[in-house]
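See below for the structure under consideration.
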Amino acid sequence: MAKVVLVTGGSRGIGAAACRLAARDGWDVAVNFGREREAAEAIVAEVRAAGRRAVALQADVRDEEAVLRLFDQTEEALGPISGLVNSAGITGRISKLMDAPAEEMRRTLEINVMGTLLCCREAVRRMARSRGGTGGSIVNLSSRAADLGSPNEFVWYAASKGAIDSLTIGLAREAGPEGIRVNAVAPGLILTDIHASAGDAGRVERLTPAVPLGRPGTAEESAEPIVWLLSEAASYVSGTVVDVGAGR
Ligand code: NAP
């Protein structure tokens, strides 16, 4: 049977790397994007060049209607899904909590938490054996921030990733009997655009001395455990959070 995975936030960063590595591992890939259609189309071209099918699909993961449409369009284009990677996420702009605008915190929680919940719900509805599905694997993007707390930067973001850890454990227990594994990957300091988007392009350089391995990670280094968790090689792994923080 064809392996079909939907990657939210597949247009850039860790999600884009997950799309590439999933194609390498034989998955057909639905590349979701929020705003960057060109970036998503470039990833689609790379997946096709690797010999797999791919489609770029716009959807704001905060929007329930858009999420339902995203899953419908994925299955119309590629067939039933058995993989979901929830990589769409933001930090909000760096500040102390006492200076953080409510709208910034709300947007972060809506994308990171509600977006992941909506996509997980839709995936489980389609993968669940009790609803005619054949099971599957879900990988959520947590962060080392869930444990570190991100003081003076974005504690609301850290809180959103704590929520990811809890929902990963809960859903793994709820959906296990449906043949669905649910795990999370918690990257540390990874070289993507997310730091510049947070308003501090020098963040990686500033924090690198705190990383025991002495360097930031690449998006591919975060995506390798993601595609491993998607795969049958991880068939007895569920309800866990894999730290990819180089010891930090
Ligand atoms: P990134 O390079 O900034 O990419 C973010 C991705 O999320 C983009 O593809 C973007 O799509 C998408 N996105 C944002 N808002 C969206 C929305 N409302 N609906 C749909 N897609 C949306 O970020 P990244 O570093 O790869 O981060 C990916 C995930 O890893 C996030 O959940 C992040 O919290 C987590 N993480 C990252 C790090 C790190 O150091 N980089 C560390 C720990 C955890 P468009 O560009 O098309 O809008």
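Just so you know, ligand 1 is whichever comes first in the structure, and atom 1 is the first atom listed for that ligand. Numbers here simply count residues along the sequence, with the first being 1. Owing to the predicted nature of the structure, the values given are computational and were not obtained by experimental measurement.
To the nearest 0.5 angstrom, Glu104 atom CD is 6.5 Å from Ile90 atom CD1. With rounding to the nearest 0.5 angstrom, the SG atom of Cys19 is 12.5 Å from the CH2 atom of Trp27.
Distances between N or O atoms of Asn112 and those of ligand 1 include no value under 3.5 Å. The shortest N/O to N/O separation between Ser143 and ligand 1 does not fall below 3.5 Å. Some N or O of Arg35 is nearer than 3.5 Å to an N or O of ligand 1, by distance alone. Note: an N/O pair closer than 3.5 Å links Ile14 and ligand 1 by distance alone. In terms of polar-atom proximity, Ser87 is counted as a contact of ligand 1, with an N or O under 3.5 Å from an N or O of the ligand. Looking at ligand 1, you won't find any N or O of Arg144 less than 3.5 Å from one of its N or O atoms. For a threshold of 3.5 Å applied to N or O pairs, the pair formed by Leu141 and ligand 1 contains no separation below that value. Looking at Ile90 next to ligand 1, no N or O pair under 3.5 Å apart turns up.
Scanning all protein heavy atoms for the shortest distance to atom 18 (N) of ligand 1 gives Asp60 OD1, 2.9 Å. When only non-hydrogen protein atoms are considered, atom 9 (O) of ligand 1 lies nearest to Ser11 OG, 2.7 Å. When only non-hydrogen protein atoms are considered, atom 40 (O) of ligand 1 lies nearest to Ile190 N, 3.0 Å. Here the protein heavy atom with the shortest distance to atom 32 (O) of ligand 1 is Lys161 NZ, 2.9 Å. At the top of the distance list for atom 27 (O) of ligand 1, counting protein heavy atoms only, stands Ile194 CD1, 3.9 Å. Protein heavy atom in closest approach to atom 24 (P) of ligand 1: Thr192 OG1, 3.6 Å. Nearest non-hydrogen protein atom to atom 46 (O) of ligand 1 is Arg12 NE, 2.7 Å. In this structure, the protein non-hydrogen atom closest to atom 13 (N) of ligand 1 is Ala88 CB, 3.9 Å.
For the pair Arg52 (side chain) and Ala22 (backbone), a donor-acceptor distance under 3.5 Å is absent. No side-chain donor-acceptor contact under 3.5 Å links Glu205 to the backbone of Gly202. Without hydrogens or angle criteria, Gln58 side chain to Gly34 main chain gives a donor-acceptor distance under 3.5 Å. No donor-acceptor pair closer than 3.5 Å links the side chain of Arg20 to the backbone N or O of Ile43.
Close approach to Phe33 involves these atoms of ligand 1, each under 4.0 Å from a residue heavy atom: 47 (O). Less than 4.0 angstrom separates some heavy atom of Tyr157 from each of these atoms of ligand 1: 33 (C), 34 (O), 35 (C), 36 (N), 43 (C), 44 (C). Counting the atoms of ligand 1 from 1 in the order shown, those under 4.0 Å from a heavy atom of Asp193 are 2 (O). Close approach of ligand 1 to His195 (heavy-atom distance below 4.0 Å) involves ligand atoms 40 (O), 41 (N).
Residue-ligand proximity: Arg37 is placed with every non-hydrogen atom at 4.0 Å or more from ligand 1. The closest approach between Ser142 and ligand 1 falls below 4.0 Å for a heavy atom of the residue. For Val61, the heavy-atom gap to ligand 1 drops under 4.0 angstrom.
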**OP:** Carefully, step by step, assess Met105 and Val155 under the rule side-chain contact (heavy atoms from CB on, under 4.5 Å).
**Re:** CA-CA 9 Å; Met105 296 192 279; Val155 295; over 6 Å; no
Subject >> Thr192/Arg12 under side-chain contact (heavy atoms from CB on, under 4.5 Å): CA gap, chis, key distance, verdict >> reply: CA-CA 8 Å; Thr192 70; Arg12 293 189 292 119; over 6 Å; no
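For Ile180 against Gly135, the heavy-atom pair with the smallest separation is CG1-CA, 4.1 Å.
When non-hydrogen atoms are compared, ligand 1 lies under 4.0 Å from the side chain of Ile111 (C-beta onward) but not from its backbone. Within the 4.0 Å heavy-atom criterion, the part of Asn32 lying near ligand 1 is the side chain and not the backbone. Looking at Ala59 against ligand 1, only its backbone comes within 4.0 Å, counting heavy atoms.
Connection of Ile164 to Ile226 is not established within any shared hydrophobic cluster, with ILVMFWY side chains joined at heavy-atom distances below 4.5 Å, either directly or through further cluster members.
Side-chain atoms of Thr240 and Asn183 include no donor-acceptor pair closer than 3.5 Å. Remark: the Thr116 side chain and the Asn86 side chain contain no N/O donor-acceptor pair separated by less than 3.5 Å. A donor and an acceptor atom, one from each side chain of Thr8 and Asn32, are nowhere located under 3.5 Å apart.
Looking at Gly9, Gly89, Gly13, it is Gly89 that brings a heavy atom closest to atom 5 (C) of ligand 1. Considering only non-hydrogen atoms, atom 38 (C) of ligand 1 lies nearest to Gly188 out of Gly188, Ala198, Ala17, Ala196.
Between Arg215 and Glu221 a salt bridge is recorded (basic side-chain N to carboxylate O distance below 4.0 Å).
Side-chain contact between Thr134 and Met127 is absent, with no heavy atoms from C-beta onward closer than 4.5 Å.
Of the listed residues (Asp25, Val29, Ile138), just one forms a side chain to side chain contact (heavy atoms under 4.5 Å, CB included) with Val5, and that residue is Val29.
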